[in-house]
Amino acid sequence: MAEIRTVGVCGAGLMGNGIAQTCATAGLPVVLMEVAQTPLERGMGSIAKSLDTFVAKSKLSRSDADAIFARITPTTEVKKLKDCDLVIEAIVENAPTKIALFKQLDELLAPHAILCTNTSSLCVIELAAATQRPHRVAGLHFFNPVPIMKLVEVVKTIATTQDTIDELFAFGRKLGKEPILAQDTPGFIVNRLLVPYLLYAIRLYESGLASKEDIDKGMKLGCGYPMGPFELLDFVGLDTTYYIAQIMFDEFKDPMMAAPPLLKRMVLAGRYGRKSGKGFYDYA
Ligand code: CAA
Ligand code: NAD
């Protein structure tokens, strides 16, 4: 089994910065790549803030937090990823954009390197087919907030070899996560259940059944969920949820997976949730 010594992460958004932080916390050097300086700095700022929270709660010493931060090399150049044994892509949920990046990475990386996507809903085999190494391509689906959530879904396509899956299970455990095996169908295991639930909550709210506050309160106090559906939608990002819904509906043609009109309109209005300062709730 090849050892994963250096990890590359593409995208320093909500997921990418959490994945980079988690890998660096496990002692691995990380190269964090973004398209531009502004989102890169924002991502590094989120990592610093999260590490500060762990220090404040005495879960990390200041010197360990500083060492973790120093293990992450931020860059806007794809070529800096060339020596990575594993690259995890966590860029925008859009197939053509991901395919273009996979082609670039495939040309750049050593033949043994594994290429993973953190996609929530896209076909992993479509990304694998854009490379000359489909047997070394898989899904590695983390959950938000990555430094806290314990699960990682390892997604096997019809071309991924068992060796690759075994290496990714070992890697997931090294990060302190519990890996589960999922097949290459949109939404894998968790989002296949979670996304229809979130979309149905929007439909109920649109229908006038109850206020969003009461729906959230109902699911938190009645079912013990840590967040109600509208709090969670704002947390995940309404733009990302909208892209996921479109991809899942396109594949399954199940009306439960269709994006409700209100979700589309909120995305068109730029109300993406916490990351834009406004979604179902206000974060100004
Ligand atoms: N970095 C460091 N610490 C963090 C953190 C971060 N990014 N986010 C939360 N924490 C810590 C807090 O400091 C706190 O620590 P203590 O327990 O030591 O006090 C702990 O996590 C809990 O946080 P809070 O007390 O602030 O708030 P909370 O109790 O509501 O927990 C939460 C926050 C962990 C996010 C919790 O609300 C939760 O589990 N929410 C649901 C998250 C969820 O469902 N995620 C999956 C989304 S779906 C997905 O990711 C897949 C997809 O493809 C869309
Ligand atoms: P985000 O919008 O917060 O971040 C995406 C980042 O990718 C942006 O900073 C953008 O500048 C960057 N980017 C775009 N094109 C790039 C390129 N070619 N190279 C490098 N960086 C590029 O999105 P996110 O919520 O972090 O989602 C990222 C991926 O993770 C998506 O595939 C999404 O479906 C998946 N995902 C999201 C969640 C969630 O809760 N938000 C959970 C699990 C998986």
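Positions are given from 1, in the same order as the sequence printed here. In each ligand, atom 1 is the first atom listed, and ligand 1 is the first ligand listed.
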J.: Taking only heavy atoms of G11 into account, list the atoms of ligand 2 that are under 4.0 Å away from them.
T.: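 Contacts of ligand 2 toward G11, numbered from 1: 7 (O), 20 (C), 21 (N).
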J.: Using the rule side chain to side chain contact (heavy atoms under 4.5 Å, CB included), only one of I215, L238, D216, L232 pairs with F280; which is it?
T.: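 When I215, L238, D216, L232 are each tested with F280, the side chain to side chain contact (heavy atoms under 4.5 Å, CB included) holds only for L238.
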J.: Any N/O of T97 closer than 3.5 Å to an N/O of ligand 2?
T.: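 No; every N/O pair is 3.5 Å or more apart.
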J.: Salt bridge or not for D239 and R271, using N-O below 4.0 Å?
T.: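 No.
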J.: Report yes if some N/O of K98 lies less than 3.5 Å from some N/O of ligand 2; otherwise report no.
T.: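 Such a contact does occur with ligand 2.
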J.: What do you reckon, does D239 have a nitrogen or oxygen under 3.5 Å from a nitrogen or oxygen of ligand 2?
T.: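 No, since none of the N or O atoms of D239 sits under 3.5 Å from an N or O of ligand 2.
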J.: Within a distance of under 4.0 Å, is there any protein heavy atom near atom 6 (C) of ligand 1?
T.: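 Yes, because at least one protein heavy atom sits under 4.0 Å from atom 6 (C) of ligand 1.
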J.: Using a 4.0 Å heavy-atom cut-off, which part of F142 comes near ligand 2: side chain, backbone, both, or neither?
T.: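 Backbone only.
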J.: Compute the shortest N/O to N/O distance between L14 and ligand 2 and return yes if it is under 3.5 Å, no if not.
T.: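 Among all N and O atoms of L14, at least one is under 3.5 Å from an N or O of ligand 2.
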J.: Could you tell me whether atom 45 (N) of ligand 1 has a protein heavy atom closer than 4.0 Å?
T.: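 Yes, at least one protein heavy atom sits under 4.0 Å from atom 45 (N) of ligand 1.
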J.: Do me a favour and list the nearest non-hydrogen protein atom to atom 18 (O) of ligand 1 with residue, atom name and distance?
T.: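 Checking every protein heavy atom, the shortest distance to atom 18 (O) of ligand 1 gives K59 NZ, 2.6 Å.
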J.: Taking only heavy atoms of M33, which atoms of ligand 2 are found under 4.0 Å from at least one of them?
T.: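 It comes down to these atoms of ligand 2: 19 (N), 20 (C).
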J.: Mark up the atoms of ligand 1 that fall under 4.0 Å of a heavy atom belonging to S120, in ascending order.
T.: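 Near S120, meaning under 4.0 Å from one of its heavy atoms, ligand 1 has 52 (C), 53 (O).
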J.: Report the part of N191 (side chain from C-beta onward, or backbone N, CA, C, O) that has a heavy atom under 4.0 Å from ligand 1; answer both or neither where that applies.
T.: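 The part of N191 near ligand 1 is the side chain, not the backbone.
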J.: Could you tell me, atom by atom, which parts of ligand 2 come under 4.0 Å of a heavy atom of H141?
T.: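 Here the atoms of ligand 2 in question are 43 (C), 44 (C).
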J.: Less than 4.0 Å between a side-chain N and a carboxylate O, is that true for K220 and E231?
T.: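 Looking at K220 together with E231, the answer is yes, because their closest N to O distance falls below 4.0 Å.
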J.: Of the protein's non-hydrogen atoms, which lies at the shortest distance from atom 32 (O) of ligand 2, and what is that distance?
T.: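 For atom 32 (O) of ligand 2, the nearest protein heavy atom is E93 OE1, 2.5 Å.
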J.: What protein heavy atom lies closest to atom 41 (N) of ligand 2? Include the residue and the distance to one decimal.
T.: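 Residue, atom and distance for the closest contact: V236 O, 2.9 Å.
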J.: Report the C-alpha separation of E167 and R136 in whole Å, then their side-chain angles, then the decisive distance to 0.1 Å, and conclude whether the salt bridge (Lys or Arg N to Asp or Glu O under 4.0 Å) test is met.
T.: CA-CA 10 Å; E167 286 167 50; R136 297 296 273 168; 3.0 Å; yes
J.: Would you please test D83 and K80 for salt bridge (Lys or Arg N to Asp or Glu O under 4.0 Å) and show each step?
T.: CA-CA 8 Å; D83 296 325; K80 292 268 168 66; over 6 Å; no
J.: Among protein heavy atoms, which lies nearest atom 30 (O) of ligand 1, and at what distance?
T.: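 Going by distance alone, atom 30 (O) of ligand 1 is nearest to P226 O, 4.7 Å.
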J.: Can you list the atoms of ligand 2 that are under 4.0 Å from a heavy atom of K275?
T.: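 By the 4.0 Å cutoff, the relevant atoms are 1 (P), 2 (O), 3 (O).
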J.: I'd like to check atom 20 (C) of ligand 1 in this structure: does the protein have a heavy atom lying under 4.0 Å from it?
T.: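 It does not: no protein heavy atom is found less than 4.0 Å away from atom 20 (C) of ligand 1.
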J.: Determine if the distance from atom 48 (S) of ligand 1 to the closest protein heavy atom is below 4.0 Å.
T.: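 Neighbour list for atom 48 (S) of ligand 1 includes protein heavy atoms (cut-off 4.0 Å).
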J.: Quick test: of every protein heavy atom, which one is nearest to atom 4 (O) of ligand 2, and how far off is it to 0.1 Å?
T.: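 Among all protein heavy atoms, the one nearest atom 4 (O) of ligand 2 is G13 CA, 3.3 Å.
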J.: Hey, which atoms in ligand 1 end up nearer than 4.0 Å to a heavy atom of M227?
T.: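 Answer for ligand 1: 35 (C), 37 (O), 40 (N), 41 (C).
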J.: Between Q246 and D250, is any side-chain donor less than 3.5 angstrom from a side-chain acceptor?
T.: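 There is no such pair (donor and acceptor under 3.5 Å, judged by atom type) between the side chains of Q246 and D250.
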J.: Tell me if the OH atom of Y283 is crowded by more than 12 foreign heavy atoms within 6.0 Å.
T.: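 Result for OH/Y283: enclosed.
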J.: Given the protein's heavy atoms, is any one of them under 4.0 Å from atom 39 (O) of ligand 1?
T.: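 Protein heavy atom within 4.0 Å of atom 39 (O) of ligand 1: present.
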J.: If hydrogens are left out, which of T240, V92, I91 has an atom nearest to atom 31 (C) of ligand 2, that is, the closest non-hydrogen atom?
T.: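 The residue whose heavy atom sits nearest atom 31 (C) of ligand 2 is I91.
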J.: Of the protein's non-hydrogen atoms, which lies at the shortest distance from atom 2 (C) of ligand 1, and what is that distance?
T.: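 Atom 2 (C) of ligand 1 sits closest to the protein heavy atom S50 OG, 3.2 Å.
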J.: Taking 4.0 angstrom as the limit and counting only heavy atoms of T119, give me the atoms of ligand 2 inside it, by number and element.
T.: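 Here the atoms of ligand 2 in question are 32 (O).
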J.: Just to check, does G237 reach to within less than 4.0 Å of ligand 2 when the distance is taken from its heavy atoms?
T.: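 Judged by the 4.0 Å heavy-atom criterion, G237 does not count as contacting ligand 2.
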J.: Among all the protein's non-hydrogen atoms, which is closest to atom 8 (C) of ligand 2, and how far away is it?
T.: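 Going by distance alone, atom 8 (C) of ligand 2 is nearest to E34 OE2, 3.4 Å.
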J.: Does atom 32 (C) of ligand 1 have a protein heavy-atom neighbour under 4.0 Å away?
T.: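 It does not: no protein heavy atom is found less than 4.0 Å away from atom 32 (C) of ligand 1.
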J.: Note the single closest protein heavy atom to atom 54 (C) of ligand 1, along with its residue, its atom name and the distance in Å.
T.: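 Atom 54 (C) of ligand 1 sits closest to the protein heavy atom V236 CG1, 3.7 Å.
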J.: Does H141 come within less than 4.0 angstrom of ligand 1, counting non-hydrogen atoms of the residue?
T.: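 The answer is yes, since H141 has a heavy atom less than 4.0 Å from ligand 1.
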J.: What is the distance from atom OG1 of T75 to atom CG of L32, rounded to the nearest 0.5 Å?
T.: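 T75 OG1 to L32 CG: 9.0 Å, rounded to 0.5 Å.
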J.: Do you see a donor-acceptor pair shorter than 3.5 Å between the side chains of T22 and T25?
T.: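 Their side chains do not contain a donor-acceptor pair, so the 3.5 Å distance test is not met.
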J.: Report the part of I148 in contact with ligand 1, treating N, CA, C, O as backbone and CB onward as side chain, heavy atoms under 4.0 Å; options are side chain, backbone, both, neither.
T.: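 The part of I148 near ligand 1 is the side chain, not the backbone.
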J.: Any nitrogen or oxygen of K57, side chain or backbone, less than 3.5 Å from one on ligand 1?
T.: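 K57 vs ligand 1: N/O contact under 3.5 Å present.
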J.: I'd like to check atom 42 (C) of ligand 1 in this structure: does the protein have a heavy atom lying under 4.0 Å from it?
T.: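 Given the 4.0 Å cut-off, atom 42 (C) of ligand 1 counts as touching protein heavy atoms.
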J.: Does only the side chain of F54 get under 4.0 Å from ligand 1, or the backbone, or both, or neither? Count heavy atoms.
T.: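 For F54, only side-chain atoms sit under 4.0 Å from ligand 1.
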J.: Nearest protein heavy atom to atom 28 (P) of ligand 1: under 4.0 Å?
T.: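 Under 4.0 Å from atom 28 (P) of ligand 1, zero protein heavy atoms found.
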J.: Between L194 and ligand 1, find which residue part has any heavy-atom pair under 4.0 Å and reply side chain, backbone, both or neither.
T.: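 Side chain only; the backbone of L194 stays clear of ligand 1.
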J.: Give yes or no for whether the N/O distance cutoff of 3.5 Å, strictly under, is met between A12 and ligand 2.
T.: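 No, there is no polar N/O contact under 3.5 Å.
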J.: State, yes or no, whether a side-chain contact exists between T240 and M15 at a heavy-atom distance under 4.5 Å.
T.: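 In short, these two side chains do not touch, never coming nearer than 4.5 Å.
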J.: Does M15, backbone or side chain, put an N or O under 3.5 Å from an N or O of ligand 2?
T.: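 Such a contact does occur with ligand 2.
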J.: For ligand 2, which atoms sit closer than 4.0 Å to a heavy atom of N144?
T.: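 The atoms of ligand 2 under 4.0 Å from a heavy atom of N144 are 40 (O).
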J.: Using distance alone, determine whether Q21 and ligand 1 share an N or O pair under 3.5 Å.
T.: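 For ligand 1, there is no N or O atom that lies under 3.5 Å from one belonging to Q21.
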J.: I'd like the name of whichever of I244, N144, V55 reaches closest to atom 50 (O) of ligand 1 through any heavy atom.
T.: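 That would be N144.
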J.: Between E89 and ligand 2, does any nitrogen or oxygen pair lie at a separation below 3.5 Å?
T.: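 Between E89 and ligand 2 (N or O atoms, distance only) the closest approach is not under 3.5 Å.
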J.: Give me the residue, atom name and distance of the protein heavy atom closest to atom 33 (C) of ligand 2.
T.: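 Ranking protein heavy atoms by distance from atom 33 (C) of ligand 2, first comes S120 OG, 3.5 Å.
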J.: So which heavy atom in the protein is nearest atom 51 (C) of ligand 1, and how far is it from that ligand atom?
T.: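 The answer is F143 CD2, 3.5 Å.
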J.: What part of L232, side chain from CB on, backbone N/CA/C/O, both or neither, has a heavy atom under 4.0 Å from ligand 1?
T.: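 L232 to ligand 1: side-chain contact only, backbone stays beyond 4.0 Å.
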J.: Purely on distance, is any nitrogen or oxygen of N118 under 3.5 Å from one on ligand 2?
T.: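 Such a contact does occur with ligand 2.
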J.: Would S121 and E93 count as having a side-chain donor-acceptor pair, cut-off 3.5 Å?
T.: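 Yes, a side-chain donor-acceptor pair sits under 3.5 Å.
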J.: So which bit of V35 gets within less than 4.0 Å of ligand 2, heavy atoms only: side chain, backbone, both or neither?
T.: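 For V35, the contact with ligand 2 is made by both the backbone and the side chain.
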J.: Is the contact between P145 and ligand 1 made by the side chain, the backbone, both, or neither, using heavy atoms and a 4.0 Å cut-off?
T.: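 For P145, the contact with ligand 1 is made by the side chain alone.
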